[in-house]
Amino acid sequence: MEANRKNKLLIGFGVAVAVLLVKLFVIQIVDDRFKVSASNNSMVYNYTYPPRGVIYDRNGMILVGNKISYDILVTPREVGPFDTVGLAAALDTTADFLREKMAYYQKYRTRIGWRTEVLLKQIKSETYLRFAEEEFLYPGFKSQVRCIREYPFNAGGNLLGYISEVNDQDLQRHPDYRRGDYIGKTGLEAVREEDLRGEKGYHIYLRDSRNRLQHAYRDGEFDKDAVPGREIVTTIDARLQQYGQELMRGKVGSVVAIEPSSGEILAMVSSPGIDVDVLADFGKHYDKLSASRYKPLFNRTVQGFYPPGSVFKLVNGLIGLQEGTLRPEMQYPCSMGFPYGNGHKLGCHAHSSPLALRDAIATSCNGYFCYVFRNILENPKYGSTRDAFDVWRDYVLSFGFGAPLGSDFPAEKGGNIPTSGRYDKIYRKHWRFSNIISLSIGQGEITVTPLQIANLAAIVANRGYYYIPHIVRDSDHVTIDEKYRRKQYTKVDAKYFDIAVDGMYMAVNGGGSAGATALAAAIPGIEVCGKTGTAQNPHGKDNSVFICFAPRENPRIAVAAYIENAGFGATWACPIASLLVERYLTGTVLRTDVERRIKNTSLMR
Amino acid sequence: MMPGGIQHAPDRGLKHTVDWRIIVCFLLIVLFGWLNIYAAVRSAEPASIFDSRFNCGKQAIWIGAAFLVAILVLFVFNPNVWEAAAMPAYAVVCVLLVAVIFLGEATKGSHSWFSFGPVKFQPAELSKITTSLLLAAYMSRPNFKLGVPRYFWRTAAIILLPMLIIVAESETGSALVYVGFIFVLYREGLSGWYIAIIGMAILLFVLSLTTPLWVPLLLSLACAAAWYFSSRRVSRSLRMRRSALRQSLIGLAAGVALVFATDFLFHHVLKEHQRARIEVLLGLKEDPSGIGYNVKQSMIAIGSGGFFGKGYLSGTQTTYGFVPEQSTDFIFCTVGEEWGFLGSLFVIGLYGLLIWRIVEDAERARQGFTRIYGYCLASCLFMHLVINIGMTIGLVPVIGIPLPMFSYGGSSLLSFTLMIFIFVALNRQENKYF
């Protein structure tokens with residue numbers, strides 16, 4: 001053969017192909033490590049499930065742990081005729097149940113194919129032991145040990161979320177799961193699925209023609225150990241969370257507590273919610289829960305839209321100060337309301353008049369804040385009410401309203417702060433202050449989530465900034481996003497916040513004669529600052545709102561309570577928030593009469 | 001034949017002008033591939049091989065389309081059209097390659113597919129054809145000489161442009177096929193040392209990762225010294241000796257630089273999954289994040305086939321779906337398991353025969369265009385064959401490219417059919433008129 005380039009290339013190609021063939025020869029014929037005997041035997045994968053990551057509260061208490069559970073699996077294709085009664089006895093079930101199941105598998109045999117199905121879930125350990133002895137009698141049936149969730153504390157059902165077996169949609173979205181795996185469906189379990197799930201391990205066995213496991217394939221060389229899930233440390237205080245849930249029993253609404261200096265969520269109650277024992281076996285309760293008219297599956301704290309009511313006056317006051325249209329010493333008269341043309345009047349309650357800013361906050365004077373908002377909108381600095389409104393809206397957004405805060409909570413919603421365009425549409429471009437007067441007192445088109453009002457309390461507590469509220473903390477295994485460590489500044493300077501803090505202090509500690517609205521929040525020995533709200537509710541009785549923080553200097557906790565259809569803010573929201581503050585700061589509650597009144601009242605009809 | 005009148009020279013028919021061995025290999029590969037796709041997708045309940053809900057049924061449709069393409073190319077198109085269309089086709093495909101980055105559908109982290117409803121199409125498949133056509137057209141020009149730097153660099157640019165765009169699409173595997181064009185350049189006069197240098201670079205890369213630092217360094221030194229002394233022996237003049245010394249020193253410097261750059265390349269340039277695949281292949285890491293799992297499963301499936309295989313549709317590994325991507329990139333597992341070493345030999349033999357026939361026909365061609373195009377085709381087939389089968393048996397890192405005309409996939413089947421039948425048509429024209 002001529003040594004031309006064509007032949008050299010062909011020889012090169014030939015050598016490469018020969019290498020492939022030699023390697024194939026080795027693994028197919030010489031090396032019997034890869035051999036499974038030719039009579040159609042195969043390997044059986046016995047999966048070992050890792051324990052899911054444990055979820056802790058901020059003090060190291062376990063919120064979600066694991067316990068052992070036993071499942072019975074069946075591979076319908078491998079099942080021959082068997083002693084139905086015997087198996088039913090071994091499994092502590094009825095022969096009818098088994099017949100029904102087998103008929104079902106027979107009906108859907110095409111779809112099931114060679115798959116293994118779960119026959120019985122979470123059986124007792126005695127049953128498991130009895131079955132293990134007789135397992136060899138029933139080819140196709142096997143038992144499987146796995147960890148299931150355990151909840152030592154009845155705290156945070158809605159936050160934690162539940163896990164369940166993957167369904168068809170999950171499998172489509174996550175191809176690395178197999179039927180029978182569990183996946184976090186809601187709450188923390190869903191958000192932190194990647195950390196919590198761990199990695200499945202398996203042992204590979206060879207199976208003989210009678211379907212019995214023979215020995216480990218290649219002495220377990222290809223086996224894989226399960227890797228436990230990573231643990232998650234939450235910012236939740238389990239005791240406080242539980243206490244909040246007790247106080248909210250029988251009420252509809254939310255309570256959110258935040259540590260202002262970090263944005264960590266200490267407690268987050270959506271009521272009525274889910275008890276943790278429901279989480280453990282969620283499938284069984286699902287229908288009942290989703291049918292309830294109080295929507296216990298709905299997390300009001302981050303998904304409920306409400307008018308903020310009078311607590312929003314703080315925001316308007318601060319914007320006025322920053323814009324220079326309001327000075328703390330300015331006084332406005334209020335005789336049971338604010339008249340705004342055509343004989344209309346936005347009503348107010350009885351208090352002394354005229355008032356300056358601090359007392360207007362303390363007494364929550366509607367009239368005063370109508371002046372405040374009017375002056376913001378009619379600021380000569382801006383060409384029109386519309387321009388001034390846009391400036392105002394930018395301020396409001398800087399307080400974390402109008403868009404989701406970006407918490408690590410799934411499906412957080414953002415509420416709504418109307419745009420000038422929206423009013424253009426409603427009023428055909430002709431609108432002015434009197435059209436949107438309700439915004440002065442946090443009514444009208446504004447909606448917010450309870451988390452956002454709790455964040456407002458944290459902003460005032462911090463004098464002008466906040467950290468994005470979050471429920472997962474940094475720990476050895478998990479690092480949280482950098483954004484949770486950055487201060488988010490509002491567009492209002494820190495110096496203007498002192499007067500707001502003063503007003504909130506007076507609202508709680510000012511004494512009834514001065515018209516203070518939040519006396520019920522006062523705690524002996526602790527300087528609580530608070531602001532009530534009574535939000536008009538188009539669907540029924542007013543909502544009761546209260547935000548507060550304490551202590552006044554270096555605040556450690558900021559709380560928002562939002563109780564639906566409960567009337568005045570001072571009546572329900574105020575004592576609930578205040579009890580939480582007392583419990584968190586002192587570790588105990590001395591005002592047992594207040595506590596008893598709250599716990600024993602149900603506002604649900 | 002004209003009725004009556006003057007007798008024309010006998011028009012040589014299909015029988016004498018087409019290389020039937022190529023057509024037979026092609027048909028056998030396509031049909032055997034289809035049977036194996038069926039075996040791979042068939043789970044427990046036997047569906048029909050024509051069931052278009054599954055890959056096997058879809059492949060049947062694609063095979064029909066491929067035959068149509070083959071007939072069109074053989075009987076309808078004038079074979080001269082390919083050389084004329086080379087430049088515009090190349091340009092259009094390059095535009096498509098860039099467009100797909102922005103408009104394409106993301107599949108497994110790479111943007112390389114256009115999606116039209118149920119039909120998906122990968123421009124990278126077409127670009128193998130257009131690159132081959134342009135390369136053939138350019139290199140067969142009358143005054144072309146690979147030794148002239150201007151021509152050399154333009155030739156290199158024709159190959160590198162689509163290759164780099166495909167790398168930008170995160171389809172590094174497909175881009176690797178273009179390395180095969182070096183064989184074409186070699187046939188057309190490129191020094192064999194280029195191939196040796198590429199081989200050496202791969203060897204140094206592997207050694208740097210697997211052995212202590214001194215091994216690759218010593219090897220570089222030894223090669224440089226061997227080069228210097230061997231060229232000193234044959235060259236007489238001082239000038240040539242000097243140049244031999246210079247070449248050795250440059251080679252040594254490049255080798256040392258590569259050894260030290262390997263670490264950087266490996267940890268900062270390669271993507272995580274690519275790094276993991278190489279680590280698994282070289283045995284540096286045991287099964288990180290399940291990449292070794294695929295290869296081990298694939299090797300178990302193939303290895304368990306033995307000499308005769310387990311019989312068609314009787315492979316257990318195949319049936320239980322242990323091997324991922326089994327009807328596409330890992331289709332060879334089904335062959336290895338169900339048809340054994342004999343089947344593997346058969347399939348590889350078919351490709352070997354095909355490539356051999358293409359090279360022989362190309363070599364005999366009188367037109368430079370046909371010859372160069374034939375070599376391009378043979379090189380692409382060769383690269384696909386070695387990378388795809390090498391990956392299923394743990395010789396090559398896992399690179400997701402199909403086994404030509406065998407793996408499931410319309411876009412790949414159609415473009416390989418087009419590519420092969422362009423050659424068959426060119427070859428037929430040669431036999432017809434010369």
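Quick note: numbers below take in every heavy atom, side chains included, and nothing from hydrogens, waters or symmetry partners. No experiment lies behind these values; they were computed from the predicted model shown. The sequence lines fix the lettering, A, B, ..., with proteins before strands; numbering per chain opens at 1.
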For this session: Answer with side chain, backbone, both or neither: which region of A/L24 has an atom nearer than 4.5 Å to a non-hydrogen atom of chain B?
Result: both
For this session: Would you name the heavy atoms of A/Q28 and B/S344 that are closest together and state the gap between them?
Result: OE1-OG, 3.2 Å
Exercise. Between A/I29 and B/G306, what is the shortest heavy-atom contact and its length?
Worked result: CG1-C, 4.4 Å
Considering only heavy atoms, which portion of [X] lies under 4.5 Å from any heavy atom of chain A: side chain, backbone, both, or neither?
X	value
B/F382	side chain
B/I393	both
B/L385	both
B/F308	neither

For this session: Could you tell me whether A/K6 and B/E360 make a salt bridge, using a distance below 4.0 angstrom between a side-chain N and a carboxylate O?
Result: yes
Problem set entry | For chain A, the option from B/G311, B/G390, B/G340, B/G352 that forms the most heavy-atom pairs under 4.5 Å | B/G340
Exercise. Roughly how far, to the nearest 0.5 Å, is the CG atom of A/L20 from the CG atom of B/L345?
Worked result: 11.5 Å
Exercise. About how many Å separate NZ of A/K23 and CD1 of B/I302, when rounded to the nearest 0.5 Å?
Worked result: 10.0 Å
Heavy-atom neighbours of [X] [atom1] exceed 12 at 6.0 Å:
X	atom1	answer
B/Y194	OH	no
A/K483	NZ	yes
A/D225	CG	no
A/E135	CD	yes

Report all side-chain donor-acceptor pairs from residues 180-187 of chain B shorter than 3.5 Å, counting only partners two or more places apart or in another chain.
| residue | atom | partner | partner atom | Å |
| --- | --- | --- | --- | --- |
| B/R187 | NE | B/E363 | OE1 | 2.9 |
| B/R187 | NE | B/E363 | OE2 | 3.4 |
| B/R187 | NH2 | B/E363 | OE2 | 2.7 |

For this session: Could you name each residue pair satisfying ring-ring contact (aromatic ring centres under 6.0 Å, His included) that touches residues 345-368 of chain B, not counting sequence neighbours?
Result: B/F32-B/F346
For this session: With side chain to side chain contact (heavy atoms under 4.5 Å, CB included) as the test, would you mind laying out the steps for B/V359 and A/L9 before giving the verdict?
Result: CA-CA 9 Å; B/V359 169; A/L9 262 183; over 6 Å; no
